[in-house]
There are 2 protein chains.
Amino acid sequence: MKLDPRHLEIIAAIVDQGGLTEGATALGRTQPSVSRTVAMLEQRIGAPLFEKGRRPLVPTELCQALAVEGRKIGGAGKTASAIVGTYKAGHRGIVRIGGTPVFMDGVVSSIIAEFQRASPQVRIEQSYAYAAELMSQLDAGTLDLAVCPLNPAAIPAGFSFQPVLPGRNVIACGINHPLLMKRPLRLTDIAPYAWIAPPASSPLYQDMRHVLGEIGVTDFKISFSGGSLASITNILSQSDVLTVLPYSVVFMARRQKMLAALSVRIGHPERSLGILTKRDMEVRPAIRRFKRFVESEFRNLAQLIMQQEQNSLWRS
Amino acid sequence: MKLDPRHLEIIAAIVDQGGLTEGATALGRTQPSVSRTVAMLEQRIGAPLFEKGRRPLVPTELCQALAVEGRKIGGAGKTASAIVGTYKAGHRGIVRIGGTPVFMDGVVSSIIAEFQRASPQVRIEQSYAYAAELMSQLDAGTLDLAVCPLNPAAIPAGFSFQPVLPGRNVIACGINHPLLMKRPLRLTDIAPYAWIAPPASSPLYQDMRHVLGEIGVTDFKISFSGGSLASITNILSQSDVLTVLPYSVVFMARRQKMLAALSVRIGHPERSLGILTKRDMEVRPAIRRFKRFVESEFRNLAQLIMQQEQNSLWRS
DNA sequence: AAGCTTCATAGCAATGAGTTATGTTATGTC
DNA sequence: GACATAACATAACTCATTGCTATGAAGCTT
């Protein structure tokens with residue numbers, strides 16, 4: 001004897017509400033509908049579910065037992081609806097985000113932590129890659145969004161790029177670096193110090209070479225390379241080496257008194273940090289929500305940076 | 001967003017079976033049916049449930065979450081089916097049985113106990129009444145079956161009466177009663193002893209008067225009346241009074257060495273103990289099962305009584 | 001690259017669930 | 001005891017959904 005779960009749900013509603021009419025309204029149906037359903041059920045299972053000829057409708061033992069199951073079904077249905085609701089509101093799902101390593105570690109991971117505080121049901125799958133690889137992964141559909149520096153004027157067709165921060169770099173050092181005391185700081189003061197080199201495939205590497213050329217440092221010493229941000233930060237803190245990092249990364253680290261930046265104005269590349277997405281990809285609610293959150297956080301960050309700039313850092 | 005519980009069940013089946021086809025067969029449906037259902041669901045909730053273009057069908061996170069609810073629904077449905085199954089097999093339900101007090105207490109209650117050992121899910125609602133009241137309750141539908149002594153030749157129309165034991169009475173006494181030692185036992189020996197009288201409305205009361213007349217006891221002393229079988233048994237055990245009881249009741253009590261019967265052959269009324277039911281009443285499975293069980297137990301009892309009779313009791 | 005398995009789609013019939021309108025039946029009140 | 005009322009039952013009809021078979025399309029396997 002196979003029973004339609006909807007019927008069990010109806011039974012439960014009738015028993016709980018104490019009447020056909022109330023049960024029907026509780027289910028959003030009309031009274032005749034549930035009445036007929038009950039009649040059909042009774043005929044089908046060959047047993048009465050409610051005592052006949054009793055006006056405060058009194059359920060049979062069998063009916064009570066079935067109502068217990070019906071309640072379970074009703075509960076499961078409600079939580080299923082809630083699940084779909086939270087999914088559609090973007091509070092549940094998966095977001096696969098990729099980005100350049102230093103930027104992801106230095107800025108985006110904090111934003112992710114903040115996001116997950118509000119939406120713990122959203123799973124974030126993070127991966128590291130540079131622009132070309134990010135694009136191919138977006139194209140293959142194995143990534144939902146990417147955060148990386150790109151030239152806004154040269155975005156390939158089919159992609160959408162939303163700049164969030166200027167792609168400005170700074171020369172980073174530990175917070176006790178001797179050069180921080182030097183006023184004024186001359187470029188020749190910088191020359192003696194060794195450098196940390198970002199990975200050769202990283203855009204930062206190119207940036208560093210460019211910066212060093214720009215400030216006239218021709219023969220520089222590389223004392224470390226190949227580490228991720230955590231290693232770089234440690235080494236910067238505990239020695240007097242220098243490196244080139246995105247300003248936003250140093251800005252975030254400055255808050256925890258882990259890194260500092262030299263007051264040297266260096267040219268910035270023709271790139272902006274931004275969010276790269278595939279244009280015709282279906283945007284799942286969690287992705288949309290996450291993207292908006294990231295954008296909002298970046299706006300805040302940009303604001304903070306601008307205030308800070310006006311106050312202290314770049315006064316010449 | 002309201003979801004059809006059957007759809008959730010389908011999702012669960014697909015996820016658990018690892019494929020559309022297997023899920024479909026597990027549900028007893030065809031593959032195109034569930035395929036279309038899934039497509040409709042995906043469109044309705046606006047989210048994919050399975051990754052597109054993957055042949056070992058891989059469910060979405062959302063789908064997994066919904067499948068959990070679907071499993072609950074499936075489980076509830078299965079137990080509901082089982083409930084109906086046990087109901088239809090007569091292993092669940094209510095049986096309302098009524099009968100004459102002494103007979104219910106002395107014989108039927110033991111049978112009920114035995115029945116409930118095998119079918120604990122069947123609730124027995126027992127009540128006490130005499131024939132006329134039993135009939136009216138059967139007629140009103142507040143009783144499912146009655147056990148009482150009746151004349152099988154005079155059953156009102158609309159009722160069905162199935163005799164299960166001859167309506168034989170005996171003179172009952174405690175197991176240490178002096179008369180049990182007397183061989184041969186003469187009727188004049190009985191005269192001095194006092195009697196317990198059944199309720200005046202009871203058929204046993206008439207029987208007792210009849211029996212006493214029959215054996216020539218004209219002026220007898222009533223020492224107790226109005227008690228139920230438990231009281232009667234106690235008083236019989238602890239004093240030398242006598243009473244008239246159905247043979248089957250004394251037979252059952254004899255097993256526990258609580259009562260005995262005098263070896264006096266007395267006439268028996270034109271009544272049989274039997275099961276009285278209303279003819280056109282719908283017979284619920286549990287009632288049918290219980291009735292058959294009672295009949296079978298009574299057959300066994302009749303057999304036992306017959307054997308016992310041939311051996312010892314009524315040898316003259 | 002071919003073959004096999006599995007999923008998707010189409011067209012059609014039938015069941016079932018929804019609706020409104022209306023009848024029936026308990027229950028409470030005078 | 002008759003009437004009013006509220007709740008349940010029934011009727012007639014519409015429409016969404018599911019069932020089926022047949023067939024196309026797409027991955028995975030060898």
Side-chain angles (χ1 to χ4, degrees), chain A residues 1-45 47-60 63 67 70 73-74 77 80 140-142 282, chain B residues 1-45 47-60 63 67 70 73-74 77 80 140-142 282:
Chain A
M1 168 77 31
K2 193 158 179 292
L3 295 172
D4 191 326
R6 290 175 301 177
H7 295 167
L8 295 171
E9 212 178 338
I10 290 175
I11 298 251
I14 296 171
V15 171
D16 290 345
Q17 304 292 323
L20 271 190
T21 312
E22 293 91 331
T25 56
L27 291 167
R29 280 157 226 252
T30 58
Q31 171 265 320
S33 178
V34 305
S35 171
R36 190 181 42 181
T37 300
V38 168
M40 249 182 50
L41 245 183
E42 285 182 332
Q43 187 187 343
R44 192 173 281 181
I45 72 182
L49 292 172
F50 297 93
E51 314 256 340
K52 296 301 161 196
R54 284 285 161 77
R55 203 33 71 93
L57 216 55
V58 42
T60 309
C63 182
I73 290 172
T142 58
E282 63 118 358
Chain B
M1 168 76 35
K2 195 160 174 293
L3 296 173
D4 191 326
R6 288 174 307 172
H7 295 168
L8 296 171
E9 215 177 335
I10 289 175
I11 298 225
I14 295 172
V15 171
D16 291 345
Q17 303 293 323
L20 269 191
T21 312
E22 294 90 328
T25 57
L27 291 167
R29 276 157 224 244
T30 59
Q31 171 266 319
S33 178
V34 303
S35 172
R36 187 177 39 185
T37 301
V38 168
M40 253 181 46
L41 244 183
E42 285 181 334
Q43 187 187 343
R44 193 172 283 180
I45 72 183
L49 293 173
F50 297 93
E51 313 258 338
K52 297 302 165 196
R54 285 286 159 80
R55 201 35 69 91
L57 216 55
V58 41
T60 309
C63 181
I73 290 171
T142 58
E282 63 120 356

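Side chains included, hydrogens not; waters and symmetry mates left out as well; all remaining heavy atoms used.
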(message) If I take atom CG in residue B:Leu57 and atom C1' in nucleotide D:dC28, what distance separates them, rounded to the nearest angstrom?
(response) 14 Å
(message) Just the rounded figure in Å: distance from P of D:dT18 to CZ of B:Arg29.
(response) 8 Å
(message) Counting only side-chain heavy atoms from C-beta out, which of D:dT18, D:dA9, C:dA17 sits nearest to A:Asp4?
(response) C:dA17
(message) Base, sugar-phosphate or nothing for B:Pro56? Non-hydrogen atoms, less than 4.0 Å.
(response) sugar-phosphate
(message) A side-chain contact here means heavy atoms from C-beta on lying under 4.5 Å apart; do B:Asp4 and B:Leu41 qualify?
(response) no
(request) Using a cut-off of strictly less than 4.0 Å, decide whether A:Thr21 has a side-chain nitrogen or oxygen near OP1 or OP2 of D:dC8. (result) yes
(request) Take atom CD of B:Glu51 and atom P of D:dG27, then tell me their distance rounded to the nearest Å. (result) 13 Å
(request) Would you mind reading off the distance between A:Gln43 atom CD and D:dA9 atom P, rounded to a whole angstrom? (result) 14 Å
(message) Rounding to an integer number of Å, can you tell me how far B:Glu22 CD sits from C:dC7 P?
(response) 6 Å
(message) Any non-hydrogen side-chain atom of B:Arg6 less than 4.5 Å from a side-chain atom of B:Thr37?
(response) no
(request) Confirm from the modelled atom types if A:Gln31 and D:dA7 form a donor-acceptor pair under 3.5 Å, side chain to base only. (result) no
(message) Measuring to OP1 and OP2 of D:dC8, would you say a side-chain N or O of A:Ser35 lies under 4.0 angstrom away?
(response) no
(request) Would you kindly give the CD-to-C1' distance between A:Glu42 and D:dC8, to the nearest whole Å? (result) 12 Å
(message) Measure CD/B:Gln17 against C1'/C:dC7 and give the value in whole Å, please.
(response) 17 Å
(message) Output the rounded distance in Å from NZ (B:Lys52) to C1' (C:dT9).
(response) 13 Å
(request) Taking all heavy atoms of B:Gly77 and all of A:Leu8, pick out the closest pair and write down the distance. (result) CA-CD1, 4.3 Å
(message) Both B:Arg44 and B:Thr30 contact DNA chain D. Taking the nearest nucleotide for each, which residue is further toward the 5' end?
(response) B:Arg44
(request) Could you work out which one of C:dT9, D:dC13, C:dT20 sits closest to the side chain of A:Arg36? (result) D:dC13
(request) Kindly point out which of D:dT17, C:dT19, D:dC8 is positioned nearest to the side chain of B:Met40? (result) D:dT17
(request) Determine, for B:Lys52 against B:Glu42, whether the closest basic-nitrogen to carboxylate-oxygen distance falls under 4.0 angstrom. (result) yes
(request) Look at B:His7 and D:dT17 and indicate whether a side-chain polar atom (N or O) is within less than 4.0 Å of OP1 or OP2. (result) no
(request) Pick out which of A:Val58, A:Leu20, A:Ile14 makes a side chain to side chain contact (heavy atoms under 4.5 Å, CB included) with A:Phe50. (result) A:Ile14
(message) By nearest atom, which of the nucleotides C:dA8, C:dT19, D:dT18 is closest to the A:Ser33 side chain?
(response) C:dT19
